[in-house]
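Here the structure is laid out as structure tokens; the discussion comes afterwards.
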Amino acid sequence: MTNSEIAAVFEHVADLLEFQGANPFRVRAYRNAARTLHDLTESAAEIVGDPERSLTEVEGIGKDLADKVATLVQTGTLPMLEELRAEIPESVMAVLRVPGLGPKRAAQLFHELKVATLDQLRAACESHQVQELKGFGAKSEAAILEGLDIASEAGRRILWIEADQHVQEIVAHMEGCKAVKKIAAAGSYRRGRETIGDLDFLVVTEKVAAVMDHLAQFAGVASVIARGDTKMSLRLAAGVQVDLRAVPAESFGAALQYFTGSKEHNIVLRGRAKSQGLKINEYGVFRGEKSIAGRTEEDVYAALHLPCFPPELREARREFEWADAGQLPELVGVGDLRGDLHMHSTWTDGQASIEEMAAAAQQRGLKYIAITDHSKRVTMVGGLDAKRLRQQWAEIDRLNPRLHGITVLKGIEVDILERGGLDLPDDVLADADWVVASVHYGQQQSREQITRRAIEALENPHVDAMAHPTGRLLLERKPYAIDLEAVMRAAATTASCWNSTPIRHGSIWTTWPARPPRVLASRSSFRPIPIDCRV
DNA sequence: GCCGTTTTCGGCCCGACTGTTTTCAGTCG
């Protein structure tokens, strides 16, 4: 059983326990363990099988959870989970996803009205049974009905690049409001997560009402969810929730820290503050009643004797451990890129010759590029067969001696065929410097079928990377965790495919986004930032 | 359920907002 599978079981247990109204700290223990196991670089099953070792050496896993992991590894099931499942129907979990319904109220609906599905919930609201319950009222009932309509949209995560478009538009709109002294986007967007759940904005203003009025007038707004003295939540027509928080200038740094998160990072931070006799909230760091920091993030972290973590590291994984050791990793930025490993030329659907590509890449500071035109299966752009590919490589061999300071690698974006297998024979691929495999056809197949094709392709020793159907790369199965150069290569590949929308830079056709993410990887993690699969 | 200890229990982050209350619980981030 893999770490991810064990983590999924613990997450499920946590959901069910929460619904049962279990001790919230017990629920958190399961969620923490799930996250820890998911991120663990070693196999939990192997640790269980090693008589010299114990899973309790992993932070957040005590005797009880270690035993449960052992049970899962040995039997494939967990009696506790089965018992919980027997008590609570699976469909109840969907009720928890309705905005405004948490475990307590969902459990109340289940026990008092036998609401176990979204359809039953709707019926109970429409027959006005819900407003009769203690703690509920007419407004709650109406809110649930509204929540049911957006239950499928709410909770959906969007890609960073989509979030970025909303952020740019909203910031531009808000900058048109005179009352806004300062505005910043926080949350998982600022942390550079691959996917974003909602958008968080902070503003410094002396006229909160005017700022909220202005935001409500943003063209993309569908509805206002809540509006108080300092906080406003609304939903865009695109389905994304936007939270706005107004803070005084002297609290801006504390608020930025707080709303950048992650939640888990903040929990650790608050615990540390507490152990130092301090209190930290979105208004500042306090010793007793006295504020000792808050205007900038640097001040806030410094007050806790911590470095100002780059937002990308604030996930409560290992950043505190690194900071304590004085070894906070340097992050790999776009300026660190030394190569681009996914490029097309006029040999297929590119818009510039190989020589032009090399010159432009060099101008941008790159040391190497790989030309990876399509293979023959992509007939509509004149994909290359073995003969033409070798002709292209001969051209590259003639070009390289004339270049100074940049190397052109001989590559190919080889197609993964509908029936499985690759579009070019192994002996051809063996002569390439860099092979990217891609699925272009047969995308109507089931996810399992496509995954099987992809995995089979990755098992081909000549394949170096894989482009996802959406243009993104799957890198996990490759041994990139070896050296910095490999990370650079992986990061370069990731960046060049960050956005599937081709953008022209001068005469050069590349897949670079207009605004590449600021950070691509952590130098010390020796891995590209994880691909987030929750979309 | 984990963890650390002035070490086997007691604490585990903190505040805003809403709706239903009449002082607060639930939800959310």
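Note that these values count all heavy atoms, side chains included, but never hydrogens, waters or copies made by symmetry. Per chain, numbering begins at 1; letters A, B, ... match sequence-line order.
Within the structure, every pair that satisfies the salt bridge (charged side-chain N to carboxylate O under 4.0 Å, His left out) test and touches residues 82-94 of chain A, not counting sequence neighbours, is listed here: A:Glu82-A:Arg85. Residues in residues 213-243 of chain A take part in these ring-ring contact (aromatic ring centres under 6.0 Å, His included) pairs, two or more places apart or across chains: A:His173-A:His214, A:His173-A:Phe218. Screening residues 117-134 of chain A for salt bridge (charged side-chain N to carboxylate O under 4.0 Å, His left out), with sequence neighbours left out, gives A:Arg122-A:Asp149. Applying the salt bridge (charged side-chain N to carboxylate O under 4.0 Å, His left out) definition to pairs two or more places apart or across chains, those involving residues 238-249 of chain A are A:Arg245-A:Glu282. The stretch residues 218-232 of chain A participates, sequence neighbours left out, in these side chain to side chain donor-acceptor pair (under 3.5 Å) pairs: A:Asp213-A:Arg227. Screening residues 40-99 of chain A for ring-ring contact (aromatic ring centres under 6.0 Å, His included) gives no qualifying pairs among residues at least two apart or on separate chains. Here ring-ring contact (aromatic ring centres under 6.0 Å, His included) pairs that include residues 89-142 of chain A, with residues two or more places apart or in two chains, are A:Phe19-A:Phe110. Applying the salt bridge (charged side-chain N to carboxylate O under 4.0 Å, His left out) rule to pairs touching residues 5-20 of chain A yields A:Glu11-A:Arg31, A:Asp15-A:Arg31, A:Glu18-A:Arg31, sequence neighbours excluded.
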Reading 5' to 3' through nucleotides 5-12 of chain B, protein heavy-atom contacts under 4.0 Å coded B for base, S for sugar-phosphate only, - for none: -------B
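B:dA25 and B:dT21 have their C1' atoms separated by 10 Å, given to the nearest Å. Taking atom C1' in both B:dA16 and B:dC9, one finds a spacing of 33 Å when rounded to whole Å. Between B:dT27 and B:dC13, the distance separating the two C1' atoms is 16 Å to the nearest Å. Comparing the C1' positions of B:dC17 and B:dT23 gives an interatomic distance of 16 Å, to the nearest angstrom. When the P atom is compared between B:dG26 and B:dT20, the two are found 14 Å apart, to the nearest whole Å. Comparing the C1' positions of B:dT7 and B:dC14 gives a spacing of 29 Å, expressed to the nearest Å. B:dG11 and B:dT5 are spaced 16 Å apart, taking the P atom of each and rounding to whole Å.
Side chain of A:Asn266 to main chain of A:Tyr258: a donor-acceptor pair is present (N/O by atom type, distance under 3.5 Å, no hydrogens or angles). Within the 3.5 Å criterion, the main-chain N or O of A:Gly253 finds no donor-acceptor partner in the side chain of A:Glu297. Proximity of a side-chain donor or acceptor of A:Asp198 to a complementary backbone N or O of A:Val242 within less than 3.5 Å is not detected.
Contact check, A:Lys68 against B:dG1: a side-chain N or O comes under 4.0 Å of OP1 or OP2. Side-chain N/O atoms of A:Asn266 include none lying less than 4.0 angstrom from OP1 or OP2 on B:dC13. When the side-chain nitrogen and oxygen atoms of A:Thr230 are compared with OP1 and OP2 of B:dC17, one or more of them lie within a distance under 4.0 Å.
Here the P atom of nucleotide B:dG19 and the NZ atom of A:Lys134 are 18 Å apart, to the nearest Å. Note: CG (A:Asp229) to P (B:dA16) measures 10 Å, nearest angstrom. If you measure from atom CZ of A:Arg270 to atom C1' of B:dC13, you get 5 Å, rounded to the nearest angstrom. Distance CD1 (A:Ile144) to P (B:dT18): 17 Å, rounded to an integer number of Å. For the pair A:Phe136 CZ and B:dT21 C1', the computed distance is 15 Å after rounding to whole Å.
Side-chain contact, A:His265 with A:Glu319: a donor N or O sits under 3.5 Å from an acceptor N or O.
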N/O contacts under 3.5 Å, protein versus nucleotides 27-29 of chain B?
{"residue": "B:dT27", "atom": "OP1", "partner": "A:Gly102", "partner atom": "N", "Å": "2.8"}
{"residue": "B:dT27", "atom": "OP1", "partner": "A:Gly102", "partner atom": "O", "Å": "3.0"}
{"residue": "B:dT27", "atom": "OP1", "partner": "A:Arg105", "partner atom": "N", "Å": "2.8"}
{"residue": "B:dT27", "atom": "OP2", "partner": "A:Lys104", "partner atom": "N", "Å": "3.2"}
{"residue": "B:dT27", "atom": "O5'", "partner": "A:Gly102", "partner atom": "N", "Å": "3.4"}
{"residue": "B:dC28", "atom": "OP1", "partner": "A:Gly100", "partner atom": "N", "Å": "2.7"}
{"residue": "B:dG29", "atom": "N2", "partner": "A:Tyr258", "partner atom": "OH", "Å": "2.3"}

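Taking A:Arg270 as the reference, nothing meets the salt bridge (charged side-chain N to carboxylate O under 4.0 Å, His left out) condition, with sequence neighbours excluded.
Residue A:Ala138 is classed as a sugar-phosphate contact, given heavy-atom separations below 4.0 Å to backbone atoms only. Across all strands, A:Ile61 comes closer than 4.0 Å only to sugar-phosphate atoms, never to a base (heavy-atom distances).
Both A:Lys279 and A:Leu133 lie near DNA chain B, and the one whose nearest nucleotide falls closer to the 5' end is A:Lys279. Each of A:Ile280 and A:Gly137 has a nearest nucleotide on DNA chain B; the 5'-most of these lies closest to A:Ile280.
For residues 78-93 of chain A, proximity to DNA chain B is found at no residue, defined as any non-hydrogen atom under 4.0 angstrom from a strand atom.
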